[in-house]
> 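Got a structure here, written out as structure tokens. Questions coming.
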Amino acid sequence: MATAKKKPNKKKPAAPKRKTTTGKVKPVKKAVKPAAKGKKKTAVKRTVAVKTKSAIRGKGAPTRKVSSPAAKKIASKAKSTPKVKAKKPLPRVVKAAAVKAIMPAPPKAIAPVAGKPKAVMTVEEKPAAIQPAPKMEKAARDVSYNPQAIESKWQAKWEADGLYRAVIDNRKPKHYALTMLPYTSGDLHFGHWYPMAPSDARARFMRMNGYNVLFPIGFDAFGLPAENAAIKRGIHPKVWTYKNIENMRRQLRTMGTMFDWEREAISADPEYYKWTEWFFIQLFKQGLAYRKMSAVDWCPNCNTTLAREQVWGENRVCERCGTPVIKKDLEQWFFKATKYADELLNFDELDWPERVKTLQTNWIGRSEGASVIFRTEAGDPIEIFTTRPDTLWGATFMVFAPEHPLVDKVTTDAQRNEVEAYKAQAARQSDIDREAVDKEKTGVFTGGYAINPVNDARIPIWIADYVLMSYGTGAIMAVPAHDERDFAFAKKYDLPIVEVIRPEPSPLHPSPSGRGDGDESGEKEGGMKAAYIGAGVMVNSGPFDGTKVNDQKGRKNPGISAVIDWLEQRGVGKESVNYRYRDWLISRQRYWGAPIPMIYCEAHGWNPVPEDQLPVLLPDDVEWKPTGESPLKLHPTWKNAPCPVCGEPSTRETDTMDTFMCSSWYHLRYLSPKYDMGPFDEAEYNYWMPVDTYTGGIEHATMHLLYTRFFHKALRDAGIVEGNEPMLQLRNQGIILGGDGDKMSKSKGNVVAPDELVAQHGTDALRTYLMFAYRWQEGGPWNSQGIDGTSRWLRRVWTLFTDQTRLGAAPDETKRILRRRVHQTLRRVTRDFEDFEFNTIISSLMELLNEMYKAREAGAVGSNEWKEAQEIYLKMLAPVAPHVAEELWSQLGKPYSVHQQAWPKVDEAAAKEDMIELPVQVNGKVRDRITVSADAGEDEIKSAALTSETVQKYLEGKAPKKVIVAQRKLVSIVV
RNA sequence: GGGGCGAUGGCGGAAUCGGCAGACGCAGCGGUCUUAAAAACCGCUGGGCGCAAGCCCGUGUGGGUUCAAGUCCCACUCGCCCCACCA
């Protein structure tokens with residue numbers, strides 16, 4: 001990710017504001033959005049807030065005061081749960097029984113503990129005599145860390161208590177944390193864990209900071225892979241998909257995330273796609289959905305259309321049979337996304353990575369220039385787009401794309417055979433062949449001529465495949481003197497070259513253009529050796545001779561600006577902006593997708609299905625094997641429907657929608673997945689939206705992330721949603737590759753299955769490993785060996801926290817240092833959570849643990865400082881390793897749950913160093929270190945440095961030329 | 001061709017403003033414990049010279065700015081990503 005290149009800790013420009021001096025964070029966001037739909041609150045400028053420390057802290061622990069029904073339930077439940085008093089431990093026998101009750105089938109690993117087996121035997125001998133132990137965490141105390149047992153135990157308890165239910169609570173600031181929903185491909189691998197586990201940790205962190213956090217999950221369930229699997233294995237796509245969901249749901253739960261499962265949404269559920277259809281209709285009503293002939297990728301062997309992602313490789317072959325894909329024209333539904341092109345280029349309200357913004361900007365590809373109307377000799381208008389209207393007088397020929405609609409009309413009989421042959425050849429070529437840059441340009445003269453509107457010059461019309469029908473207007477004016485492609489073409493086919501921009505001679509470059517000779521006139525063709533692209537003075541340009549042009553585009557160029565004004569006055573052209581961005585083609589000739597809810601009537605054309613008849617259900621009994629037609633078209637009855645206008649028998653649209661349509665609004669469905677009066681419950685919308693933090697892969701930069709922005713803006717204009725952007729803050733994680741450095745994929749066999757590793761190391765060790773092993777934004781190749789590191793660390797945490805035997809009396813200094821380290825770590829961990837720097841969160845916690853081990857050796861156990869250290873440590877551990885933190889928290893006798901505790905506050909006074917060690921450099925080399933008081937003045941430091949024996953030695957009796965004291969950093973002496 | 005990002009030990013990576021490079025961890029080596037292994041624990045671990053104290057070199061390459069550069073500037077090399085006959 002762009003902003004995280006070299007200095008991961010560097011602040012991103014729009015990221016949360018932090019006051020450098022105090023470490024305080026400014027609240028930058030209003031907690032709750034004013035409701036009032038319809039009233040356009042255009043100025044809802046909300047800078048992204050990651051956290052508002054002052055707002056959420058300071059008033060005690062906000063988590064104590066729970067108000068939501070679910071939370072109340074938790075609170076009362078926790079209270080009513082019978083508690084074993086720590087001071088009155090149960091007899092050993094009972095304890096062992098409880099262990100047994102809570103840990104179903106404890107792995108062998110924990111069995112051989114001295115003394116224990118005996119107790120267990122007692123239980124087995126006289127089970128009836130023992131009171132059933134209350135199911136409580138306290139009893140589960142065990143000497144060795146057994147992640148699997150505590151993880152499943154706590155997961156069950158959290159679930160039962162509804163600990164992660166997120167309900168509207170107006171007394172708390174909300175935080176909508178969203179992670180990209182998984183596609184239902186079958187198995188959850190580390191590609192899924194990698195964004196999710198750290199996102200979960202951060203959501204938990206936000207929650208501890210007093211936010212009411214919504215962190216939902218769902219499944220992107222429609223799409224081609226399901227259909228392909230169905231074709232391959234003969235399983236119905238629906239069956240395959242829902243079976244996968246079940247498995248993935250189970251796997252997601254083992255991750256120990258705080259997902260609110262009550263809000264799960266599945267895009268293939270009729271309750272979901274009903275609203276996907278409804279949205280289509282709203283866009284249709286807005287005039288944003290339209291039908292047009294368009295070329296699609298078509299496999300002539302499978303006899304079916306293919307989606308872009310099904311066309312593989314450089315030579316563009318069908319993913320199933322390997323046949324080269326061809327283009328075929330079909331009537332398709334489009335969304336007018338280009339209407340929002342300019343608005344989509346505006347990222348002012350977004351805290352998104354620069355990289356994504358750049359990708360979207362390039363993808364939209366805005367270029368400024370003019371559109372100019374040339375004419376055929378017969379008088380037909382030929383619109384062209386040019387970024388260089390200042391070179392209009394140098395247009396010596398025109399080039400049409402072979403598919404241009406006027407080609408047939410302008411072609412003369414003499415040229416017809418040649419033109420037809422060229423057209424046929426171009427049609428056969430794949431896009432890649434055609435667009436290969438290094439390919440020599442080819443073309444054919446049509447025999448026709450066009451009239452240049454600026455000077456009435458009669459210029460020949462050619463066709464060539466370097467002109468694309470898909471960009472601009474499919475026709476160009478060719479100015480060989482000032483365009484490299486046109487130049488090459490003119491040279492090859494011996495077409496005239498007229499210079500119209502002459503570089504201004506400078507003392508250094510008397511003849512700076514590509515012309516071989518400065519004296520030579522541009523009017524003489526062949527004088528130029530290359531096209532000249534730069535700035536200069538217009539020549540051979542009628543009224544504009546002598547006008548200066550610079551190398552800017554659009555109105556910033558005086559020459560271009562003047563010509564545009566002139567064109568507009570004469571009515572032959574106008575200022576114009578062209579985009580590379582295309583309208584969104586949403587038709588898929590496929591079965592497994594949301595039906596497009598439209599009906600075609602001979603008399604009334606296309607009309608939407610009446611909204612009270614939604615959803616248009618996808619029938620189960622279809623032939624989904626590829627036949628060359630949309631599967632729904634082949635269904636005997638499905639497509640028959642009455643015209644919504646006249647009621648006469650009519651035909652449904654049998655294409656389905658692109659799955660990106662489903663995922664464009666899933667964040668809205670999470671708000672109220674069971675709601676049936678609309679796509680979402682307005683109250684939920686008003687409280688939760690917009691998404692505050694969105695995490696996911698950068699591969700969606702120009703797809704999902706652009707579609708969803710378009711979609712939101714379209715819905716805004718339809719009065720359905722508010723605000724200009726759906727997701728305020730975006731953070732991209734990198735990609736986890738297979739151990740071999742290749743992308744993880746089933747076909748390569750380098751996919752690492754989390755299930756096995758969970759069984760081996762436990763979820764907490766895996767979660768923390770994913771956070772620790774890479775810079776989150778970068779990712780990298782998988783290496784299972786490294787898990788030993790975090791696994792060992794958690795075991796060491798366990799050991800230190802469960803062994804309370806080494807009580808001692810540590811000197812005050814030791815305790816003070818411990819406290820300092822704790823608060824320094826807290827400061828750093830807090831900052832790193834804010835900045836998504838997960839790897840240094842873990843390393844800081846590891847360091848602190850090492851310090852605590854030292855403090856234990858020094859006898860700190862039992863002191864207040866030690867207790868505080870333990871408490872803060874577990875709170876910091878809670879977001880990253882939720883299970884072990886909860887277990888140890890409960891073993892310390894603290895109130896359930898650690899996940900409802902308030903994030904601790906840094907005691908800046910305690911965190912402050914009192915003595916600091918400064919390196920002393922002599923001529924740039926470190927020669928000594930001095931220890932001074934942390935707030936020693938410059939003079940004090942200077943004299944301490946100069947009196948050092950070692951420094952004296954290096955000074956060799958000479959007086960220092962210069963002594964630089966960098967406060968709290970170092971001393972530099974120049975001799 | 002255009003644009004973006006990156007390059008730090010055997011490996012993953014640390015290094016707020018230009019201020020002790022290599023934190024933390026993996027792997028490796030040596031040791032303690034053990035009948036043994038595993039686990040755990042302790043120590044070493046960028047390179048070179050040296051018995052040692054210590055000295056020199058070192059953040060892709062070459063320059064520059066500075067008392068001081070992994071960090072800033074210029075030029076380059078390599079790698080990855082995106083766009084690409086874009087008119």
Side-chain angles (χ1 to χ4, degrees), chain A residues 1-11 18 20 109 144 354-355 358-363 365-367 369 384-388 391 399 401 434-441 464-468 470-479 483-486 488-489 578-580 698-699 701-702 735 769 772-775 777-778 780-790 792-793 795-796 799 828 831 835 837 839-840 842-850 853 917-929 960-975:
Chain A
M1 160 177 125
T3 45
K5 36 195 175 180
K6 28 195 155 167
K7 298 227 171 174
N9 282 337
K10 230 173 203 165
K11 293 290 338 150
R18 189 191 304 126
T20 45
S144 64
E354 285 306 318
R355 176 123 185 259
T358 306
L359 286 171
Q360 293 198 347
T361 303
N362 293 343
W363 185 258
R366 184 180 202 273
S367 53
I384 59 113
F385 172 78
T386 178
T387 56
R388 294 293 306 273
T391 64
V399 186
R434 251 182 89 164
E435 289 170 14
V437 187
D438 45 359
K439 198 188 75 168
E440 196 179 340
K441 292 177 185 18
D465 62 9
Y466 81 88
V467 175
L468 308 172
S470 56
Y471 184 81
T473 62
I476 62 160
M477 67 165 185
V479 184
D483 181 281
E484 284 168 14
R485 292 154 303 166
D486 297 344
F489 197 83
N578 195 47
Y579 300 92
R580 212 183 65 82
I698 198 162
E699 66 273 17
T702 55
I735 303 172
Y769 176 60
F772 178 60
Y774 316 86
R775 212 141 69 178
Q777 300 90 332
E778 302 293 330
W782 178 259
N783 172 14
S784 295
Q785 215 170 25
I787 306 168
D788 289 337
T790 49
R792 208 167 282 157
W793 163 56
R795 242 183 341 255
R796 273 165 56 79
T799 305
R828 178 142 200 227
R831 186 195 71 198
D835 295 348
E837 302 291 348
N839 55 347
T840 45
I842 307 297
S843 64
S844 299
L845 290 174
M846 286 174 168
E847 278 176 89
L848 181 58
L849 187 74
N850 294 341
Y853 264 93
E917 197 188 64
L918 296 181
V920 182
Q921 292 184 346
V922 179
N923 284 339
K925 287 202 157 73
V926 178
R927 296 302 184 185
D928 197 18
R929 283 153 223 281
K961 213 195 265 171
K962 206 171 176 187
V963 180
I964 297 143
V965 177
Q967 282 294 331
R968 301 179 62 88
K969 294 262 171 67
L970 57 44
V971 182
S972 182
I973 299 168
V974 189
V975 185

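Just so it is clear: chains get the letters A, B, ... in the order the sequence lines come, proteins before strands, and each one is counted from 1.
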> Between A:V479 and A:R388, does a side chain to side chain contact (heavy atoms under 4.5 Å, CB included) hold up when you go through it step by step?
CA-CA 9 Å; A:V479 184; A:R388 294 293 306 273; over 6 Å; no
> Within this structure, what is the OG1-OH distance for the pair A:T473 and A:Y471, rounded to the nearest 0.5 Å?
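Those atoms lie 10.5 Å apart.
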> Taking atom P in both B:C86 and B:U77, what distance in whole Å separates the two?
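Those two atoms are separated by 24 Å.
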> Ring centroids only, cut at 6.0 angstrom: are A:W793 and A:Y769 within range, meaning strictly under it?
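Between A:Y769 and A:W793, which both carry aromatic rings, the centre distance is not below 6.0 Å.
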> For a quick test of reading the model: is some side-chain N or O of A:R795 closer than 4.0 Å to OP1 or OP2 of B:A39?
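So the side-chain polar atoms of A:R795 never come under 4.0 Å of the phosphate oxygens OP1 or OP2 of B:A39.
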> Where the side chain of A:T387 is defined as all heavy atoms beyond and including C-beta, which of B:A87, B:G19, B:U16 is the nearest nucleotide?
B:A87
> Provide, to the nearest angstrom, the distance between the CD1 atom belonging to A:I964 and the P atom belonging to B:C17.
21 Å
> In the strands shown, is B:C78 matched to any nucleotide by a Watson-Crick or G-U wobble pair with both distances under 3.5 Å, and which?
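WC or wobble partner is B:G6.
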> Please tell me which of the listed nucleotides, B:G19, B:C83, B:G3, lies nearest to the side chain of A:R580?
B:C83
> Could you go step by step and tell me if A:N362 and A:R580 meet the side-chain hydrogen bond (donor to acceptor under 3.5 Å, both in side chains) rule?
CA-CA 8 Å; A:N362 293 343; A:R580 212 183 65 82; over 6 Å; no
> Listed by chain and number, what are the side chain to side chain contact (heavy atoms under 4.5 Å, CB included) partners of A:E484, not counting sequence neighbours?
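By the side chain to side chain contact (heavy atoms under 4.5 Å, CB included) rule, A:E484 matches A:A531, A:I533.
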> Who does B:C17 pair with, Watson-Crick or G-U, both distances under 3.5 Å?
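Result: none.
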> List every contact pair, protein side and nucleotides 25-28 of chain B side both N or O, where the distance is under 3.5 Å.
unit_1 : atom_1 : unit_2 : atom_2 : d
B:G25  : OP1    : A:N850 : ND2    : 3.4
B:C26  : OP1    : A:R792 : NH1    : 2.5

> Within the structure, does a side-chain N or O atom of A:K925 lie under 4.0 Å from either OP1 or OP2 of B:C57?
yes
> Could you tell me the Watson-Crick or G-U partner of B:A40, where both distances fall under 3.5 Å? Say none if there is no partner.
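B:U32 is the nucleotide pairing with B:A40.
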> Assign A:L359 to base, sugar-phosphate, or nothing according to its heavy-atom contacts below 4.0 angstrom with the strands shown.
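The answer is sugar-phosphate, as A:L359 gets under 4.0 Å only of primed atoms, P, OP1 or OP2.
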> With a 4.0 Å cut-off on heavy atoms, is A:R927 in touch with a base, just the backbone sugar-phosphate, or nothing at all?
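Sugar-phosphate contact only - A:R927 comes under 4.0 Å of backbone atoms but never of a base.
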> Taking only side-chain nitrogens and oxygens of A:R355, does any of them come within less than 4.0 Å of OP1 or OP2 of B:C83?
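Checking B:C83 against A:R355, no side-chain N or O comes under 4.0 Å of OP1 or OP2.
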> Phosphate oxygens OP1/OP2 of B:A87: is one of them under 4.0 Å from a side-chain N or O of A:Y471?
yes
> Is there a Watson-Crick or G-U wobble partner for B:G1 with both distances under 3.5 Å, and which nucleotide is it?
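Answer to the pairing question: B:C83, which forms a Watson-Crick or G-U pair with B:G1.
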> Any idea which of B:G19, B:C86, B:G13 is nearest the A:N839 side chain?
B:G13
> Is A:R828 near enough to B:U16 that one of its side-chain N or O atoms lies under 4.0 angstrom from OP1 or OP2?
no
> Could you check which nucleotide pairs with B:A52 in any of the strands shown, counting Watson-Crick or G-U wobble with both distances under 3.5 Å?
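By the stated definition (distances under 3.5 Å), nothing pairs with B:A52.
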> Base, sugar-phosphate or nothing for A:T386? Non-hydrogen atoms, less than 4.0 Å.
sugar-phosphate
